[in-house]
There are 2 protein chains.
Amino acid sequence: MTTAAPTSSSRELPHPTREEIRLEPVLHALSDPMRLQVVRELAADGDELSCSHFDLPVTKSTTTHHFRVLRESGVIRQVYRGTAKMNGLRRDDLDDLFPGLVDSVLTAAARQAVRLGGS
Amino acid sequence: MTTAAPTSSSRELPHPTREEIRLEPVLHALSDPMRLQVVRELAADGDELSCSHFDLPVTKSTTTHHFRVLRESGVIRQVYRGTAKMNGLRRDDLDDLFPGLVDSVLTAAARQAVRLGGS
DNA sequence: CGACTCGTACGATAGGCATCGTAGTACGGG
DNA sequence: CCCGTACTACGATGCCTATCGTACGAGTCG
């Protein structure tokens, strides 16, 4: 029994604090094409996107896994909102810890997309 | 010692061309602490460091493996010079493909080292 | 030549991870 | 209250990878 959990929004998800975020896991999280795509969409569309908004070519289980990797590495923040789970890029934290990193990765990804899709 | 003899030997190593370098493998290569450390030293000390110069806490076999990952992802260039294999960061190629990326990663790594090591 | 150094190749191993499928939980609406 | 939707948990699987040890090739120097 949950002892007096007040909460409708008691479904809280564990996030690393800003100080706990490490560069290597962040780079690893971004090195997966699927996750990099998610991050690009989050950066472009603002930070209130549900998991189901993303139409990834994998099953829901796998999608859950990727979002967890992103969250646990500190790249995104996830909050339940009813049945949906909203995702947002932790730009403030990342920019503070690693100035310019997110921008350069996003720019690099965009340039590469143009370069590869370019015809 | 160093005779005026031609530097190159017959032992050539396969490198991706600039156009073949992809962002995801580069990020993956940099996401390993060992390899990130190597890249930091290469960036700091110039680009003529032999593999044996690095005193990594792993065996030689593993060191060879890490250098190969870095080379095949396009992060470093390797050239034989006698028995030694000289390593150099491919800054020109990387900066052209992904402007600012290497710098921000190096800065982030340095900041994190200060933040964690404190001393 | 012979010995030594530097790095490679190959096999083995253990752990990680991306993926799936199925069963289950939380929430909101009829 | 029941059902549908959104996401999770768990187990399984196969691949990738970081690591090692040993045996080997390439080059230098006595």
Side-chain angles (χ1 to χ4, degrees), chain A residues 1-2 5-15 22 24-38 48-73 75-88, chain B residues 1-15 22 24-38 48-73 75-88:
Chain A
M1 302 281 273
T2 37
T7 70
S8 1
S9 51
S10 81
R11 288 202 286 169
E12 301 252 332
L13 294 158
H15 290 78
R22 296 287 178 276
E24 295 90 336
V26 167
L27 292 176
H28 179 245
L30 296 176
S31 73
D32 183 280
M34 210 79 73
R35 294 192 289 256
L36 182 56
Q37 181 58 31
V38 167
E48 276 289 299
L49 294 179
S50 70
C51 289
S52 58
H53 174 267
F54 298 87
D55 199 23
L56 304 178
V58 291
T59 64
K60 287 204 158 193
S61 311
T62 306
T63 302
T64 297
H65 161 70
H66 284 310
F67 275 104
R68 171 157 40 183
V69 172
L70 286 170
R71 172 171 47 83
E72 292 182 343
S73 66
V75 175
I76 67 171
R77 192 176 294 281
Q78 296 189 292
V79 176
Y80 277 106
R81 195 175 177 124
T83 65
K85 192 158 75 171
M86 308 310 286
N87 303 277
Chain B
M1 310 287 276
T2 352
T3 68
T7 51
S8 64
S9 62
S10 51
R11 294 198 285 169
E12 301 253 330
L13 294 156
H15 291 78
R22 297 287 178 275
E24 295 88 338
V26 167
L27 292 176
H28 179 244
L30 296 176
S31 72
D32 183 279
M34 211 79 74
R35 294 191 291 256
L36 183 57
Q37 181 57 31
V38 168
E48 277 289 299
L49 294 180
S50 69
C51 290
S52 57
H53 173 268
F54 298 87
D55 199 24
L56 303 179
V58 291
T59 63
K60 287 196 163 195
S61 312
T62 306
T63 302
T64 297
H65 161 70
H66 284 309
F67 275 103
R68 171 156 42 184
V69 172
L70 286 170
R71 172 170 48 82
E72 291 181 346
S73 66
V75 175
I76 67 171
R77 194 177 292 281
Q78 296 189 293
V79 176
Y80 278 107
R81 197 172 174 126
T83 65
K85 192 158 77 171
M86 307 311 286
N87 303 277

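Proteins get letters first, then strands, A, B, ... in listed order; numbering begins at 1 in each. These numbers were taken from a predicted model, which means no experiment stands behind them. Note: hydrogens, waters and symmetry copies are ignored here, and every other heavy atom, side chains too, is used.
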For atom CZ of R71(A) and atom P of dC7(D), their distance in whole Å: 13 Å
Distance test, side-chain N/O of S50(B) to OP1/OP2 of dC6(C), below 4.0 Å: no
Audit row: L49(A), V38(A), side-chain contact (heavy atoms from CB on, under 4.5 Å) steps and yes/no: CA-CA 10 Å; L49(A) 294 179; V38(A) 167; over 6 Å; no
Nucleotide dG25(D), atom P - distance to CD of E12(B) in whole Å: 21 Å
I76(B) side, atom CD1; R35(B) side, atom CZ - distance, nearest 0.5 Å: 10.5 Å
Nucleotide dC6(C), atom C1' - distance to CD of Q78(B) in whole Å: 13 Å
Residue pair N87(A) / F67(A), side-chain heavy-atom distance below 4.5 Å: yes
Separation of dA26(C) P from L13(A) CG (nearest whole Å): 13 Å
Note, P14(A) side chain near R71(A) side chain (heavy atom, < 4.5 Å): yes
Within residues 58-70 of chain A, residues whose heavy atoms come under 4.0 Å of DNA chain C: V58(A), T59(A), S61(A), T62(A), H65(A), H66(A)
Q78(A) side chain reached by R68(A) side chain, heavy atoms, under 4.5 Å: no
side-chain N/O R81(A) vs dC27(C) OP1/OP2, d < 4.0 Å: no
No-hydrogen, no-angle side-chain donor-acceptor test under 3.5 Å, T64(B) and S61(B): no
Rounded interatomic separation in angstrom, taking CG from D32(B) and P from dG15(C): 18 Å
Sugar-phosphate only, base, or nothing, as touched by H28(B) at under 4.0 Å among non-hydrogen atoms: sugar-phosphate
Atom-to-atom span, CG of N87(B) to P of dC6(C) - whole angstrom: 14 Å
Distance, rounded to the nearest Å, where D55(A) contributes CG and dC7(D) contributes P: 13 Å
Separation of dC17(C) P from E72(A) CD (nearest whole Å): 10 Å
4.5 Å side-chain heavy-atom contact, H53(B) and E48(B): no
